[in-house]
Enquirer: 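Okay, handing you the structure first.
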Protein chains: 2
Amino acid sequence: MNIKKSYSQFCPVARAAEIVASRWTPVLLRELIAGSTKFSDLRSGLPKMSPSLLSKRLRELEEAGIVEKFKAPKGFEYHITESGKELSPIVMTLGTWGQKFITDEYAKHELDPTLLMWDIQRRLETTFFPETGRFVAEFFLEGAPRERRNWWLIVNDRVVDLCIHHPGFENDIEIVASLRGLTDVWMGNISVAEAKKKKLLSLNGQKKFISSFENWFLLSVFAN
Amino acid sequence: MNIKKSYSQFCPVARAAEIVASRWTPVLLRELIAGSTKFSDLRSGLPKMSPSLLSKRLRELEEAGIVEKFKAPKGFEYHITESGKELSPIVMTLGTWGQKFITDEYAKHELDPTLLMWDIQRRLETTFFPETGRFVAEFFLEGAPRERRNWWLIVNDRVVDLCIHHPGFENDIEIVASLRGLTDVWMGNISVAEAKKKKLLSLNGQKKFISSFENWFLLSVFAN
DNA sequence: CGGTATCCCCCGCGATACTG
DNA sequence: CAGTATCGCGGGGGATACCG
């Protein structure tokens, strides 16, 4: 750490904060803890972070022993180390705190269909689906910009894929919701039942997938 | 939060990090959690933070509901709220993490006699001393700048006072140590016994205070 | 002392382009 | 796609003065 920028304290809170509490780092750690390892995947979870800054932060985390960089077939993989994993309680507790105490409704610029769908596909409960075969769910996000309004979640042999273009398969279920509504459901701010009643969310398609919706559509890890 | 500066994510980790992980804030929270309430006391624990920034951060924490500002006889008092107290595990875990994983020896600019003595006086175990009467300990910190080399801890009826000028009382005990040595002892990096053996620390004065040193001289909350 | 206002520098970081 | 290099600006925050 540059001496000019340093807090210049022997206290371990200060020494740790110099690394962990710099801009974007808690959010980057969240992504790494969630299991993303590829640069492009990290970018997906951090759409407003510039690639140069992401690159820089990864280098800093590597120097701090929080991340290890491995050569991959294409590019590199960034894996969180044991010491990095021990930051997990901090990041999770920070999120829990935020969920509890920051109760303002989401600002418009915080509602992001890409981020939402990215989080959804990451937590989809695939064990619910048959070991072999295909499942297709289409999402219509009202209020999202046209080119990011329609999404398809495809589960093929329990492997999840997220598409923004029509995959050519027939839908098993369609989820129609406002972007804000689905985000609120996802974050546990309102229940699925409540969202349906308020016409913020509706499910169409095969009965068995509709009735089991809450079994495979897990909510955010921070949902109450 | 200014939209330009915002992470623009609905994720509570991001929303919390915007407040809690900004520059200086974790260290300021440490001070508030430790019980400091006055502006000047906060400054003592944050000597390298400019007063204008401290003022700004306090305002931000107040807006976020983490701190409450009360009119005091002179100036104001800043008290941490219930929601702020729930940040305590985050700050403490961050410190514990730092203590465990940031093992570089302290850089010269991180060794600060004022900060060290401030922390020491805050954790002095006063119940060890008689309910009435005076106790005086003088510290000589070798390697500290001349004007901050000598310190007196005065416990009067169990109330601790820290002085940088000779108080005119006789010493009950004298602690002679290098600044780095005492810091390492304080942080639990080496034991008192080891420090004595290596001549990094020596105690002179009344036997009963020497033999009970480790009873009243508590170590940092982050010492192992 | 307790805190705010002002000034201004500098560098963090966003934007963009570029390269393998 | 997987990152790195460059460039330019904006404002964060440090220094200082100042006011109550």
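Throughout, a chain's letter reflects where its sequence line sits, starting with A, and its residues are numbered from 1.
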Enquirer: Can you identify which nucleotide, out of dG14(D), dG3(D), dA2(D), has its nearest atom closest to the S40(A) side chain?
Expert: dA2(D)
Enquirer: Looking at Y78(B), does any N or O in its side chain come under 4.0 Å of the phosphate oxygens OP1/OP2 on dG3(C)?
Expert: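 So the side-chain polar atoms of Y78(B) do come within 4.0 Å of the phosphate oxygens OP1 or OP2 of dG3(C), strictly under.
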Enquirer: CG of L42(B) versus P of dC1(C): gap in Å, rounded?
Expert: 16 Å
Enquirer: Using atom CG of L46(B) as one end and atom P of dG3(C) as the other, report the distance to the nearest whole Å.
Expert: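 The answer, rounded to whole Å, is 14 Å.
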Enquirer: Will you find, in the side chains of S220(B) and R123(B), an N or O donor that is under 3.5 Å from an N or O acceptor?
Expert: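 Side-chain D/A pair, S220(B) to R123(B): absent.
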Enquirer: Find the distance F39(B):CZ to dG3(C):P and express it as a whole number of Å.
Expert: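 Checked: the CZ to P distance equals 6 Å.
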Enquirer: Side-chain contact, heavy-atom cut-off 4.5 Å: L46(B) with Q9(A)?
Expert: yes
Enquirer: Determine the contact category for K5(B): base if any of its heavy atoms lies under 4.0 Å from a base atom, sugar-phosphate if only primed atoms, P, OP1 or OP2 are that close, otherwise nothing.
Expert: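 Result for K5(B) = sugar-phosphate.
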Enquirer: Nearest-Å distance, NZ (K38(A)) to P (dG3(D))?
Expert: 7 Å
Enquirer: Could you tell me whether E18(B) and K5(B) have a side-chain N and a carboxylate O separated by less than 4.0 Å?
Expert: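 No, no charged N to carboxylate O under 4.0 Å.
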Enquirer: Under 4.0 Å, heavy atom to any atom of DNA chain C: which of residues 54-75 of chain B qualify?
Expert: S55(B), K69(B), G75(B)
Enquirer: Given atom CG of N2(B) and atom C1' of dC13(C), what is their separation to the nearest angstrom?
Expert: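 These atoms are roughly 14 Å apart.
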Enquirer: Ion pair present between E86(B) and K100(A), side-chain N to carboxylate O less than 4.0 angstrom?
Expert: yes
Enquirer: Answer yes or no: are there more than 12 heavy-atom neighbours, outside H165(A) itself, under 6.0 Å from its atom NE2?
Expert: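 No, not enclosed.
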Enquirer: Check whether the ring centres of W152(A) and F139(A) lie less than 6.0 Å apart, and answer yes or no.
Expert: no
Enquirer: Whole-Å distance between dA15(C) C1' and K48(A) NZ?
Expert: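 Nearest whole value for this atom pair: 13 Å.
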Enquirer: I'd like to know if D112(A) pairs up with R148(A) as an ion pair, taking the criterion as any Lys NZ or Arg NE/NH1/NH2 lying under 4.0 Å from an Asp or Glu carboxylate oxygen.
Expert: yes
Enquirer: Before accepting this row, confirm whether a basic side-chain N of the pair E62(A)/R59(A) lies closer than 4.0 Å to the acidic partner's carboxylate O.
Expert: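 A salt bridge is absent here (no side-chain N lies under 4.0 Å from a carboxylate O).
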Enquirer: Counting any heavy atom closer than 4.0 Å, what does S52(A) reach on the DNA or RNA strands: base, sugar-phosphate only, or nothing?
Expert: base
Enquirer: How many whole angstroms separate atom CG of D41(A) from atom C1' of dG3(D)?
Expert: 14 Å
Enquirer: Could you identify which residues of residues 15-23 of chain B place a heavy atom less than 4.0 Å from some atom of DNA chain C, listed by residue number, or say none?
Expert: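 Within this stretch, nothing sits under 4.0 Å of the strand.
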Enquirer: State which of dG14(C), dG14(D), dT16(C) makes the closest approach to the side chain of P51(A).
Expert: dT16(C)
Enquirer: Check E77(B) with K71(B), please: is the shortest side-chain N to carboxylate O separation under 4.0 Å?
Expert: no
Enquirer: Please state how far atom CG in L53(A) lies from atom C1' in dA5(D), giving the value in whole angstrom units.
Expert: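 Whole-Å distance recorded here is 15 Å.
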